[in-house]
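Structure first, commentary second.
Every chain is numbered from 1, with letters handed out A, B, ... down the list of sequences.
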Amino acid sequence: MFLKFKSEVESLLQDAIKAAGYKVETLCLETSDYADLASSVAFRLVPKYKKSPGRIAEDISRKIRIPEKTLVERAEAKGPYINFYVNREFLNQTALLILKEGEKYGSLPKKDKRIILEHTSTNPTGPLHVGRGRNPIIGDTLARIIRCAGYDVEIQYYVNDMGKQVATIVWGYDNIEQKALQKSERDKPDYDIVRYYRKATQIVAEHPDAESQIAQILGRYESGNASTIEKFRTVVNKCIDGQRQTLERLDITFDRYVWESQFVIDGSVKKVLEKLKKTKYIKREDGALALDLTSFGVEKDFVLTRFNGTTLYTTRDVAYHLWKFKHADVVINVLGEDQKLSMEQLKCALKILGLKKEPRIVFYSFVSLPEGRMSTRKGVVVNLDDLLDEACERAYIEVQKRRPELSEKEKRDIAEVVGMGAVRFDIIKVAPEKMMTFKWEDALDFEKQGAPFIQYSHARACSILKKAGEIKHKFDPSLLTAPEEIELIKKMAFLPSIVDSTAQDLKPYVVATYARELAETFNQFYRAVPVLKVEDALRDARLALVDCARIVLANVLGLLGITAPESM
RNA sequence: GGGCCCGUGGCUUAGCCCGGAUAGAGCGUCGGCCUUCUAAGCCGAAUGUCGGGGGUUCAAAUCCCCCCGGGUCCGCCA
């Protein structure tokens with residue numbers, strides 16, 4: 001509804017500017033504290049027309065003609081600004097639309113565009129840790145938002161099964177005895193694997209001859225040796241399984257796992273190399289192949305192969321990206337900031353190969369520990385599983401305190417939902433490029449206005465509806481005239497435009513901010529406006545409004561991958 | 001050393017792309033509100049050289065230049 005209001009305002013303003021005899025290319029429309037939409041276009045016209053901005057705003061606003069059927073209440077010049085306000089019709093239609101669309105409210109019309117979104121894709125060497133924990137949460141939240149915006153999204157996990165790290169584990173699997181390993185920290189397959197990884201890297205550091213054995217293993221894998229392939233599959237699958245278990249708790253799933261080795265086996269990496277070899281960018285140094293990208297403004301050469309001819313990670317990634325673009329119109333990757341250079345190089349290679357499109361990349365910075373970066377290899381990590389357990393435990397203590405009368409199962413269920421929501425929200429609420437330092441006391445501090453706050457608002461709405469019993473379908477939205485009611489409706493009207501802009505900008509924290517504001521607006525309404533204690537038509541109208549709020553809160557939580565509990 | 005990112009009240013942060021109304025929030029602090037639909041709530045107060053310095057502009061947190069602090073990457077790792 002807000003988008004419709006905005007487009008009405010745009011055309012009104014456009015016409016008025018013209019009628020007042022001005023010319024300008026941008027309307028400078030923004031949401032504002034002072035109005036539902038405000039234009040600062042008058043400032044823009046000052047230099048050209050040599051009049052005060054106040055005078056220009058006045059000229060324009062005098063020419064604004066609001067038509068009969070519209071969502072615009074009025075427009076007025078306020079100093080240099082031209083302010084626009086929504087009318088009753090806007091509020092009524094918004095409420096009716098939310099009830100009509102229900103769980104679909106907020107989603108946009110289907111677009112005929114296919115998107116492949118890749119996220120997480122970590123090295124399959126052990127359990128997920130908090131250092132890269134932003135990746136699945138950012139990726140999954142974006143996917144939900146983009147789907148809601150009407151795109152056809154496939155979520156992929158790119159399995160890096162061809163790395164030295166995995167070969168190291170395979171070597172360890174063959175050469176290290178069980179009893180030489182530490183006890184597994186958890187009964188999960190990824191925790192089993194990581195022990196081999198840590199022990200093997202330790203041995204390799206002391207016995208350099210192991211390194212050449214590992215290189216041989218990798219060579220056998222790349223050349224398609226069946227028993228080696230079997231071993232790699234076993235190790236990698238164990239890791240992936242463990243990670244999948246962790247992420248399922250956060251309601252994060254993938255549509256497809258794409259194995260890096262597939263592109264070596266099917267020859268597409270070779271094809272990429274052959275093509276690149278024929279270009280003027282290729283250069284050879286000590287037997288290794290590289291692309292000289294200085295003409296693209298990238299100073300560092302893109303090294304494609306080792307001296308022995310084997311390919312490198314980013315080379316294979318080129319083949320993967322060509323494949324992705326064959327299956328999708330838009331490609332989005334969520335990656336750590338350490339991959340920035342490689343991605344620049346990859347984009348250049350795609351250009352050289354004649355591809356017109358390039359992937360859109362959301363970079364995030366790592367979550368580090370106060371003492372530095374996390375490392376799976378060194379074992380300096382906070383595992384995501386531990387964070388999730390702790391979050392859930394902390395939530396349980398809160399539920400216990402507040403709702404002692406609930407059954408054990410109910411308390412556990414609420415704690416799980418609240419704990420997982422808190423973790424997701426805490427990570428998604430800040431811009432991905434901001435650096436984060438992990439501290440247990442911050443990560444588990446739920447007193448903040450975070451996910452529980454929003455979930456609580458939803459539970460409150462549900463509680464009112466439950467007590468009300470049957471809700472009448474017929475109601476008069478015009479009765480909703482309290483300031484808190486009007487604010488709530490206006491806030492709810494924003495959801496589709498938030499979805500639209502976030503799907504464009506790929507900034508999921510905007511949705512988190514919106515969710516918090518919506519919950520706050522609902523809580524203000526809740527406090528100020530009685531629902532069950534009023535009678536007749538007004539009660540029906542307010543119940544309908546509470547139902548609207550319930551719907552919008554649930555939908556926005558859904559976008560964030562957070563469960564909306566009916567009770568907490 | 002070079003490239004990219006970040007630097008906003010005690011803490012976490014929005015706004016920066018596209019310059020304009022008193023720089024918005026949250027946490028923490030201080031004070032008020034449970035005989036009203038769940039107080040994981042609501043209301044109020046205090047707290048800011050927008051890292052520093054120049055410049056452009058009628059107007060700079062926002063654009064340009066330099067510097068400082070932190071992160072990250074820098075040809076055969078993934």
Could you run down nucleotides 69-78 of chain B 5' to 3' and tag each one B, S or - for protein heavy-atom contact under 4.0 Å? --SSSSBBSB
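When heavy atoms are screened at a 4.0 angstrom cut-off, A/A431 is found touching the sugar-phosphate backbone but no base atom. No contact: A/S368 has no heavy atom under 4.0 Å from any strand. Among the protein residues, A/V529 comes within range of the nucleic acid bases, having at least one heavy atom under 4.0 Å from a base atom. A/M568 comes within contact range of at least one nucleobase, with a heavy-atom separation under 4.0 Å. If you check every strand for non-hydrogen atoms under 4.0 Å, A/E299 touches nothing. Across all strands shown, A/V399 has heavy atoms under 4.0 Å from base atoms, whether or not it also approaches the sugar-phosphate.
A distance-only check finds no donor-acceptor pair linking the side chain of A/R360 to the backbone of A/N333 [under 3.5 Å]. Formation of a donor-acceptor pair under 3.5 Å by the A/N135 side chain with backbone atoms of A/T120 is found in this model. A/N237 contributes a side-chain N or O that, together with a main-chain N or O of A/R233, makes up a donor-acceptor pair within less than 3.5 Å. Here the side chain of A/T310 pairs no donor or acceptor atom with the backbone of A/R306 at under 3.5 angstrom. Although no hydrogens or angles enter the test, the distance criterion places a donor-acceptor pair under 3.5 Å between the side chain of A/R403 and the main chain of A/M568. At least one donor-acceptor pair closer than 3.5 Å links the side chain of A/R198 to the backbone N or O of A/T376.
At the phosphate of B/rG41, neither OP1 nor OP2 sits under 4.0 Å from any side-chain N or O atom of A/R527. Contact annotation: A/K434 side-chain N/O to B/rG7 OP1/OP2 distance is under 4.0 Å. Taking 4.0 angstrom as the limit, A/R44 places a side-chain polar atom (N or O) nearer than this to OP1 or OP2 of B/rG19. The phosphate of B/rC37 has neither OP1 nor OP2 within less than 4.0 Å of any side-chain N or O from A/K466. Applying the 4.0 Å criterion to OP1 and OP2 of B/rC43, one finds that A/Q524 has a side-chain N or O inside that range. Regarding contacts with the backbone of B/rA39, a side-chain N or O of A/R460 is found under 4.0 angstrom from either OP1 or OP2.
With both ends at atom C1', the span from B/rU56 to B/rG41 equals 49 Å, rounded to whole Å. Atom name P, nucleotides B/rG19 and B/rU62: the rounded distance is 12 Å, in whole Å. Across B/rC11 and B/rU57, the matching C1' atoms stand 36 Å from one another, rounded to whole Å. Separating the P atom of B/rG3 from that of B/rG54 is a span of 24 Å, rounded to the nearest Å. Rounded to whole Å, the separation between the C1' atoms of B/rA23 and B/rG9 comes to 11 Å. Annotation: B/rU49 and B/rG2 have their C1' atoms spaced 32 Å apart (nearest Å). The gap from the P atom of B/rA21 to that of B/rC16 amounts to 13 Å, rounded to the nearest Å. A distance of about 47 Å separates the P atoms of B/rC50 and B/rU36, rounded to the whole Å.
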Less than 3.5 Å apart, which donor and acceptor atoms pair up between the side chains of residues 515-523 of chain A and the rest of the protein, not counting sequence neighbours?
{"from": "A/R516", "atom 1": "NE", "to": "A/Q449", "atom 2": "OE1", "distance (Å)": "3.3"}
{"from": "A/E517", "atom 1": "OE1", "to": "A/K491", "atom 2": "NZ", "distance (Å)": "3.0"}
{"from": "A/T521", "atom 1": "OG1", "to": "A/E517", "atom 2": "O", "distance (Å)": "2.7"}
{"from": "A/N523", "atom 1": "OD1", "to": "A/R460", "atom 2": "NH1", "distance (Å)": "3.0"}
{"from": "A/N523", "atom 1": "ND2", "to": "A/S457", "atom 2": "OG", "distance (Å)": "3.3"}
{"from": "A/N523", "atom 1": "ND2", "to": "A/A519", "atom 2": "O", "distance (Å)": "3.3"}

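Atom C1' of nucleotide B/rC37 and atom CD of A/E566 are separated by 16 Å, given to the nearest angstrom. Computed from coordinates, the A/E30 CD to B/rG24 C1' distance equals 13 Å when rounded to whole Å. Remark: P of B/rA14 and CD1 of A/I498 are 15 Å apart, rounded to the nearest angstrom. Rounded to whole Å, atom P of B/rC58 lies 15 Å from atom CD1 of A/I56. Between the CZ atom of A/R539 and the P atom of B/rU36 there is a distance of 18 Å, rounded to whole Å. Protein atom CD of A/E520 is 14 Å distant from nucleotide atom C1' of B/rA14, rounded to whole Å. Here the P atom of nucleotide B/rU12 and the CZ atom of A/R516 are 17 Å apart, to the nearest Å. Per the geometry, CZ belonging to A/F425 stands 12 Å off P belonging to B/rC27, to the nearest Å.
For A/S61, the side-chain contact (heavy atoms from CB on, under 4.5 Å) partners two or more places apart in sequence, or in a different chain, are A/E58, A/I64, A/A77, A/I82. Partners of A/Y320 under the ring-ring contact (aromatic ring centres under 6.0 Å, His included) rule, at least two apart in sequence or in another chain, are A/Y158, A/F263.
Between A/L488 and A/L545 the shortest side-chain heavy-atom distance falls below 4.5 Å.
Looking at every heavy atom in both residues, A/Q165 comes nearest to A/T125 through CB-CG2, 3.5 Å. In terms of heavy atoms, A/L557 sits closest to A/A564 at CD1-CB, 3.7 Å.
In this structure, B/rC68 shows a glycosidic angle more than 90 degrees from zero, which is the anti conformation. Applying the 90° cutoff around 0 to the glycosidic angle, B/rG75 is assigned syn.
Taking the centre and axis of the six-membered ring of A/Y364, the NZ or CZ atom of A/R134 falls outside the cone set by 45° and 6.0 Å.
Taking the six-membered ring where the residue is Trp, A/Y22 and A/Y49 present perpendicular rings, their angle passing 60° and hence far from 30°.
Both key distances under 3.5 Å define a Watson-Crick or G-U pair, and stretches of 3 or more such consecutive pairs in RNA chain B run B:1-7 with B:68-74, B:10-13 with B:24-27, B:29-33 with B:41-45, B:51-55 with B:63-67.
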Could you go over nucleotides 46-48 of chain B and give all protein N or O partners under 3.5 Å, atom names and distances?
none

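Residue ring and base: A/Y81 counts as stacked with B/rA21 (centre distance below 5.5 Å, interplanar angle below 30°).
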Tell me, with the steps shown, if A/W323 and A/V258 meet side-chain contact (heavy atoms from CB on, under 4.5 Å). CA-CA 11 Å; A/W323 180 84; A/V258 181; 4.0 Å; yes
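Residue whose closest nucleotide on RNA chain B sits further toward the 5' end, between A/F43 and A/A459: A/F43.
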